[in-house]
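Here the structure comes first, spelled out in structure tokens, and everything after it is commentary.
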Amino acid sequence: MNWRRRTMYIRKEISKTEAVKYFTDKNDEYKLDLLGGLSDGEITFYTQGEFTDLCRGPHIPNTGMIKAVKLTNIAGAYWKGDEKNKQLTRVYGVTFPSQKELDEHLAMLEEAKKRDHRKLGKELSIYTMDDDVGPGLILWMPNGTIIIEELEKLAKETELDAGYKRVVTPHIAKESMYITSGHLPYYAESMFPPMEMDGEKYYLKAMNCPHHHKIFAAEPKSYRDMPYRIAEYGTCYRYEQSGELFGLMRVRCLHMNDAHIYCTKEQFAQEFKAVNDMYLKYFKIFGIDKYVMRLSLHDPEKLGQKYVNEPELWLETEELVRNVLIETGVPFVEVKGEGAFYGPKIDVQIWSAIGREFTLATNQVDFAQGRRFKLEFTTQDNTTDTPLIIHRAPLGTHERFIGFLLEHYAGKLPVWLSPVQVKVLPISDKYIDYAKQVSLKLKKADIRAEVDERNEKIGKKIRDTELLRVPYMLVIGEKEMTEGMVAVRRQGKGDTGTQTVDEFIHAISGEITERHDN
RNA sequence: GCCACUUUAGCUCAGCUGGUAGAGCAACUGAUUUGUAAUCAGUAGGUCGUUGGUUCGAUUCCGACAAGUGGCUCCA
């Protein structure tokens, strides 16, 4: 197509008979397939020069308006987005009204790549993967492990405050439990194949809920025990298809910020709302604002296949969840066919640096598993009832959450999450002893500090430390040593003047315990 | 899993049409003793993802497998 020459795009409404004839003559099975789903009055053709095609439009008036084009990538795509269909080749491209805007767009994409968690994860020694370990299996390096432990600390504090109790469960379970839970028929293809021991099949757990249900069931419960909230950073294994794996965002072994709340129908709305509030509290800590809350509903056409066949319960609980969202005042979108098999949910959707969409956190209703596991509690009038269950993971999984945080902060983690919080930089080796004293004092105040003892110039030490995104650098030379001070440099902000060690410890400790968001 | 592409030193990458490999940074050694984003010199480091094939000869050409990447499908 020569788009530098100005040709008009001509729109023409056409009858179905005529359209079918046109594409039959051209022997175009795909357009004929599309026409099958269209009727008279909604069929339009567009013609540009000698090229005519079926298209709903709209189009720009003429090719002269196209100023800058770049073909970006090429990929296979299933016809009509269904993997049962044949795969066609799709060519992707972008166009802008001017070359300048195109260049800006491309520069923006380059910038985005710099904050890709896979690049940062390597640069900052957060995690690694290894062929001998396997695809999608993350090895958390010491730096990444510090982040994990800080997140778990936050979760424990928050959950303790919210009345949760902590539990620990094994990584495997017998087949019978997943038949009870319904995961096996509904979820089998996402689970690792079973291993056999003593004539029994064992599965790696793909989720923690069944194990937690067993804890609920272990002792009799009464309405006085409700709501019963149990939490665990549970390790799950999911057999994601090889092509779906993506850095930390999509892996095969994941650590979920999981918890289950067993409650009565009367308690449900309040409990569900409390979970939602917990999300918002967390998002405030991390300064997360670019997300979309998605109310994920069932698809009535797939009842009994993808979704448990309880049409009234679906509608009832969906209404409850919708009300919580409306009450909270958080904007949300509703999407049919995204619910879990056991109930509707609220998903928090975020986008990776390269623009891929992920569910970061999830808050789910479950009206099915309570019955499947025959969970019950004694009511006030001495009858029994089945609890409603809330599955929630506000911090998602360590893998996805840390992947997200790396991109969100462009590697510049807030001080409380930084693997190294302070780097002490002696100007020459004459000051190493004093630097070590300072570092020791910081460590005693629970601050993660290191000394750069390398025989390098201060400029080099600063540069390397800046690149590692260590939030605070303490430059130490003759002046600081004799006066018992430190020269404080904040990552990305430069020299901020001198302080006594105690002043510095006081300031940074506050920043850490209050979890300042940079 | 499907379509396409990629895989060379710890990292980032060179290596025209086949003749067993280079750079910068990092590492190590030495010199230098440094004041807010890279001091200098030297040394070491690779059966070129794995495995078959073609060839006198393969990092280079072809196939299979693996991992990664861009999408599709799927998902926390």
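Letters A, B, ... mirror the listed sequences (proteins, then strands); counts begin at 1.
Judged by a 6.0 Å distance limit and a 45° cone about the ring axis, A:R490 is positioned over the six-membered ring of A:Y472. Figure legend: A:R229 and A:Y262 shown without cation-pi pairing, the cationic atom not lying both under 6.0 angstrom from the six-membered ring centre and within 45 degrees of its axis.
Judged as a salt bridge (Lys or Arg N to Asp or Glu O under 4.0 Å), and not counting sequence neighbours, the contacts of A:K436 are A:E453.
For A:S242 and B:rG1, the shortest distance from a side-chain N or O to OP1 or OP2 is below 4.0 Å. The shortest distance between the side-chain N/O atoms of A:R118 and the OP1/OP2 oxygens of B:rG70 is below 4.0 Å. Within the 4.0 Å cut-off from OP1 or OP2 of B:rA76, not a single side-chain nitrogen or oxygen of A:R238 is found.
Side-chain to base pairing of A:E244 with B:rU73: one donor and one acceptor N or O lie within less than 3.5 Å of each other. Side-chain to base pairing of A:R90 with B:rA4: no donor and acceptor N or O lie closer than 3.5 Å to each other. A donor-acceptor contact under 3.5 Å is formed by the side chain of A:E240 with the base of B:rA76. Remark: the A:Y78 side chain and the B:rG1 base include a donor-acceptor N/O pair separated by less than 3.5 Å.
The 5' end of RNA chain B is approached more closely, in terms of each residue's nearest nucleotide, by A:E478 than by the other of A:E478 and A:A340.
A distance of 12.0 Å separates CG of A:L442 from CD of A:Q437, quoted to the nearest 0.5 Å. One finds the CD1 atom of A:I126 at 4.0 Å from the CD1 atom of A:I147 (value rounded to the nearest 0.5 Å).
Under 4.0 Å is where a charged nitrogen must lie from a carboxylate oxygen, and between A:E456 and A:K461 no such pair does.
Distance CZ (A:R250) to C1' (B:rG1): 12 Å, rounded to an integer number of Å.
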**Request:** Could you provide the dot-bracket string of RNA chain B, using ( ) for intrastrand pairs, [ ] for crossing pairs and | for bases paired to another strand, with Watson-Crick or G-U pairs below 3.5 Å?
**Result:** (((((((..((((.....[..)))).(((((.......))))).....(((((..]....))))))))))))....

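B:rU29 sits 26 Å from B:rA21 when the C1' atoms are compared, rounded to a whole Å.
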